[in-house]
Structure formats: C-alpha cells, structure tokens
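Counting starts at 1 for both ligands and their atoms, in listed order. Model, not experiment: these values are computed from the prediction.
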Amino acid sequence: MDTERATMGWQPDSWQQKTVGQSPIYKNQDHVADVIGRLSSLPPIVTSWEIESLRERIASAQQGKAFVLQGGDCAEAFDECTSELIVQKLKILLQMSVVIVSGLKKPVIRVGRMAGQYAKPRSANVETVDGVTLPCYRGDLVNRVPFTAEDREPNPDLMLRGYERAALTYNFVRSLIDGGFADLHHPENWDLDFVSHSPLADEYRQLVKTVADGLDFFESMTGEKIYRARRVDFYSAHEGLHLPYEQAQTRYLEHRKKWFNLTTHFPWIGLRTSELSGAHIEYFRGIANPIGVKIGKETTPEQLTDLMEVLNPDNEAGRLTFIHRFGAGQVSQNLPRLIDTVQKVGARVLWVCDPMHGNTEKSESGLKTRRFDKILSELQQAFQTHQECGSYLGGVHLELTGGHVTECTGGARGLTDADLKRAYRTQVDPRLNYEQAMEVAMRIAGYRS
Ligand code: PEP
Ligand code: CO
C-alpha cells in the first residue's frame, strides 16, 4: 500500500475530530485517557504476521479460491469467558467448516466473532422501565446489563477487563489449535456431547469420515503428511465500534511501515457507523488490517464507491470485504446494483452474506427472534444473485452458538414462538443454535436443498 497517501493526515486518534456514532458518554474523560494509556502499554493479542496471512487468504477468497466462515455471538459476555463455552464455539465452527470444505471443495477461512466482540450499537441511547430512564446497555466493554444506575453508567475500566478477557479467550483458542485439537485427522475431538441426539448427526459423521478417509488416502499415496491439514487456522474478528479501545492497541510497525490494530485480525464497521464523514471510517482508513464493512438496503452505489475509495484507495487485494445484510425480502432486488458498482470500477472486494441482521423480528411473546427459513432464503438468494451477476459470494457471517439455545425459530426441530423462552440466553440478537448452524453449513455445502 502507498501508506502515505492512504493515511494522509491520519493518526490513531484522528477519529476524535469527527462525529462519533454510537458512542457512550463517559463522565470522566481523564479516566478514559488513563485507561487508553494503560491499554496501549499491554502486549498485543494478535500479530501482524497473522494479520497479513489473513489478508492473503482473503485475497484468495476474492478470486473465488476460498470461502470465509465467520461466526459467533452477537455480543460476547464477560461472564461467558469460560473454557466450556469457548470450546463449544470453536467446535461448532470447526464442524461447520469441515462440512463446507467437503461440499465446496475449497479451503475455508475460519473467523470467530470472538475475543473482543464486546461493544454493541443500539437503536436508542436510553431505556425506560417503570418510569425510570437509564442509559441503554452497550455491551460489556462499556457498561453492564442490570437495570440500575450504577450498572448502566459507562465505566472506562471495562475496556481493560474486556481486553484481558479477549486475550484469555484467544490464548485458549490458540493453545487448543496448536495443541492438535483442530487436527483434521482427529475430528472426533470436536464432537459436542449432544451431537448424537441431533437429527443431523449421521449426516455429519459420514462427512467427517469422508474427509478423514480422504486425508489418509492422500497421505498414503504421497507418503507425505499434510501439514496444513493438521493445523487449521482460526482468526478473530469483532465490530470495531468502541474507538477508544481500538485506538489504544493501534501500533506503527517499523518493519512493515504500516499501522495495525492489534486487538484482532479482522475488525469490521457496523451498518450504523458506516457514515463516510464519521469517526469510524476515519479510524479504519488508517489501519492495514483486512477490514469488513456492513452494507444494507439503504446503501447506494455512490456510497459504495466512496467507501472503496476511502478505505482501499489502491485497490489492494485482501483489504476490503463487504458484508451484505438485506433481509430475505430485499436481497434479490438490492444486491445487483451494488455488485454492478463494484464490477464497473474493477474493485477487489470479497462479498460475504450476513443473513441474520436483515431478518430480525419481534415474536408474539415480545422476544427478538429470526426465522430460520428467512435466514436460509436470504443466503440462497445471495448465492444465486452473485452467480447470475457473474460475481462470487465468498463467505457467510452468522450469529451462532455451539449450545442448545432457543432464540431463532424453525430448523430441523421446528422451534416455534412458544419454544423461545425455554433457552433464550442472548442479551442482544438471537443466535442459531447448534443444529440450526449445522443445517446452514450443510446447505452452503450443497448437501441439502
Ligand atoms: C452485528 O453484527 O451484531 C450488527 C449490529 O450488525 P449490523 O451492523 O449489520 O446491524
Ligand atoms: Co447482532
């Protein structure tokens, strides 16, 4: 990258001169500055080598040679930083990836919405309950869920607690992967306890066996061990929403002559903070990480062109991913003009479909939910539209968990509105449960239609 041109007038804190969307109001700015100072002196969670390797892998996905599986919680919670829950999330993503690899016959790039997904955009700044109005909950990085004045007060120290948990989470993931947990020769490690009770269990086990047999066959034919297959890569991602946190770990690396956000490999810009003149675009334009931008039915071709110019002025491979989230009723109609815009300027972008955020609705019981058939429908229409337009849908972005939650309706067990309250655990958006997530993977892989 011609770093100087791309980052002209940029500094890790130059975003502070712009309008900051979705920002909490801290009472004590000195406290915020102190926390940023402390955070910036801590060691990074990820390295530029890993970031660069993800960028190369995204570049190959842009050429149609790989597929990105990005998934995890809508919002991670500090209380859920436990070994059991981390293992569950890793397992479901590994299982899904094996299904997708075997169906698409392409490498899958695994990216967790993990190790830092702690800040949330909200539709209102305040919440009123029984005549009492308090700031809304903005994620564990900012404040706490319970409806008391103390819990809802934005507390800068939570950024330190979040950074520590992000580091614990990614450290554990890294050790599991390096220790052979993700070895494709031993996918039995990834079985979740309840897989055997699932209607999809047989199909999954059959696929896993095919992949393992294929590996053994290849290795015995060539006499070589497939190193890559032993050690899968697993990258982290979060919405780069809370800019003081992102800024604190943004470093200039002399050996690369670039600035990197070292809290995560792949930060993305949410739909609500993608205003061209806003603080988030200002911050993101200066970092060299591969980045995502959420786009939706409101996004115009002009806005898309501006985003590409500002965020990837040199049209670098692997830099820019557009994550589209339209809703099942909107995708076929709105996606073609955006694909056309990208094709006309010959921009290098990766297209990823988020079939979750355009399909959120309120159930009769008042809980936020998503219907599984709408999620599948958006995904299927997205694949088809890209194909019809001569483009490539190179990934999927999902909110999911490895557990047995009941947050989205439908799927193999036909969950209904009445089932939702049974295991509704999310604080923010409804996630696919284990079986629903596996079913999505099987559809992507073409095993079910
Ligand atoms: C999210 O990914 O949780 C989110 C808030 O999405 P979007 O920016 O697409 O609304
Ligand atoms: Co969400």
Side-chain angles (χ1 to χ4, degrees), residues 20-24 68-77 80 89 111-125 136-142 145 162 236-243 246 264 266-276 278-281 283-284 291-299 303-304 307 311 321-328 330-331 334-335 338 351-362 367-372 374-375 378-379 382 395-401 405 407-408 424-433 436-437 440:
V20 194
Q22 294 287 334
S23 178
V68 171
L69 170 65
Q70 186 174 18
D73 293 318
C74 179
E76 286 178 287
E80 291 176 0
K89 272 181 262 183
V111 185
R113 277 178 71 115
M114 269 171 99
Q117 177 54 20
Y118 295 124
K120 296 308 298 173
R122 304 314 303 262
S123 43
N125 285 327
C136 68
Y137 168 65
R138 290 189 172 275
D140 282 6
L141 199 61
V142 174
V145 175
S236 74
H238 66 249
E239 179 173 347
L241 180 67
H242 197 41
L243 295 176
E246 309 300 330
T264 190
F266 182 88
W268 77 84
I269 304 173
L271 187 77
R272 290 177 236 196
T273 47
S274 60
E275 178 65 34
L276 196 70
H280 290 79
I281 300 288
Y283 171 75
F284 273 73
I291 59 169
V293 188
K294 293 276 200 102
I295 58 174
K297 58 181 190 296
E298 310 81 359
T299 311
Q303 283 168 338
L304 204 69
L307 286 171
L311 296 173
T321 296
F322 284 131
I323 306 168
H324 54 71
R325 29 87 84 223
F326 292 101
Q330 299 283 340
V331 57
N334 290 289
L335 181 55
L338 299 182
W351 293 103
V352 167
C353 173
D354 164 359
M356 312 298 293
H357 287 88
N359 293 311
T360 315
E361 55 188 83
K362 242 198 182 126
L367 290 170
K368 243 195 208 185
T369 191
R370 289 163 174 156
R371 292 193 223 173
F372 190 66
K374 286 203 174 167
I375 294 170
E378 175 157 1
L379 200 51
V396 63
H397 180 115
L398 301 167
E399 288 184 344
L400 54 80
T401 158
V405 301
E407 297 170 7
C408 295
Y424 194 93
R425 304 216 181 92
T426 181
Q427 293 296 347
V428 194
D429 287 341
R431 300 162 294 180
L432 298 170
N433 63 23
Q436 292 166 332
V440 168

If I compare all heavy atoms of [X] with all of [Y], which pair ends up nearest, and what's the gap?
X	Y	value
Gly240	Phe284	O-CE1, 3.5 Å
Ile269	Thr273	CG2-O, 3.5 Å
Gly296	Leu338	O-CD1, 4.5 Å

Report yes or no: do His238 and Glu246 form a side-chain donor-acceptor pair below 3.5 Å? yes
Side chain to side chain contact (heavy atoms under 4.5 Å, CB included) evaluation trace for Gln70 with Asp354: CA-CA 9 Å; Gln70 186 174 18; Asp354 164 359; over 6 Å; no
Looking only at N, O or S atoms, which one in Glu399 sits nearest to the Co ion (ligand 2)? OE2
Can you name the N/O/S atom of Asp429 that is nearest the Co ion (ligand 2)? OD2
Aromatic plane relationship, His397 with His357 - under 30° parallel, 30 to 60° tilted, over 60° perpendicular: perpendicular
Atom pairs and distances, ligand 1 N/O vs protein N/O under 3.5 Å:
residue: ligand 1; atom: 2 (O); partner: Arg113; partner atom: NH1; Å: 2.9
residue: ligand 1; atom: 2 (O); partner: Arg113; partner atom: NH2; Å: 3.4
residue: ligand 1; atom: 2 (O); partner: Lys294; partner atom: NZ; Å: 2.8
residue: ligand 1; atom: 2 (O); partner: His357; partner atom: NE2; Å: 3.4
residue: ligand 1; atom: 3 (O); partner: Arg113; partner atom: NH2; Å: 2.9
residue: ligand 1; atom: 3 (O); partner: Lys120; partner atom: NZ; Å: 2.7
residue: ligand 1; atom: 3 (O); partner: His357; partner atom: NE2; Å: 3.0
residue: ligand 1; atom: 3 (O); partner: Glu399; partner atom: OE2; Å: 3.0
residue: ligand 1; atom: 6 (O); partner: Lys294; partner atom: NZ; Å: 2.9
residue: ligand 1; atom: 8 (O); partner: Leu271; partner atom: N; Å: 2.8
residue: ligand 1; atom: 9 (O); partner: Lys294; partner atom: NZ; Å: 2.8
residue: ligand 1; atom: 9 (O); partner: Arg325; partner atom: NE; Å: 2.6
residue: ligand 1; atom: 10 (O); partner: Arg325; partner atom: NH2; Å: 3.0

So, for His324 and Phe326, is the gap between ring centers shorter than 6.0 Å? yes
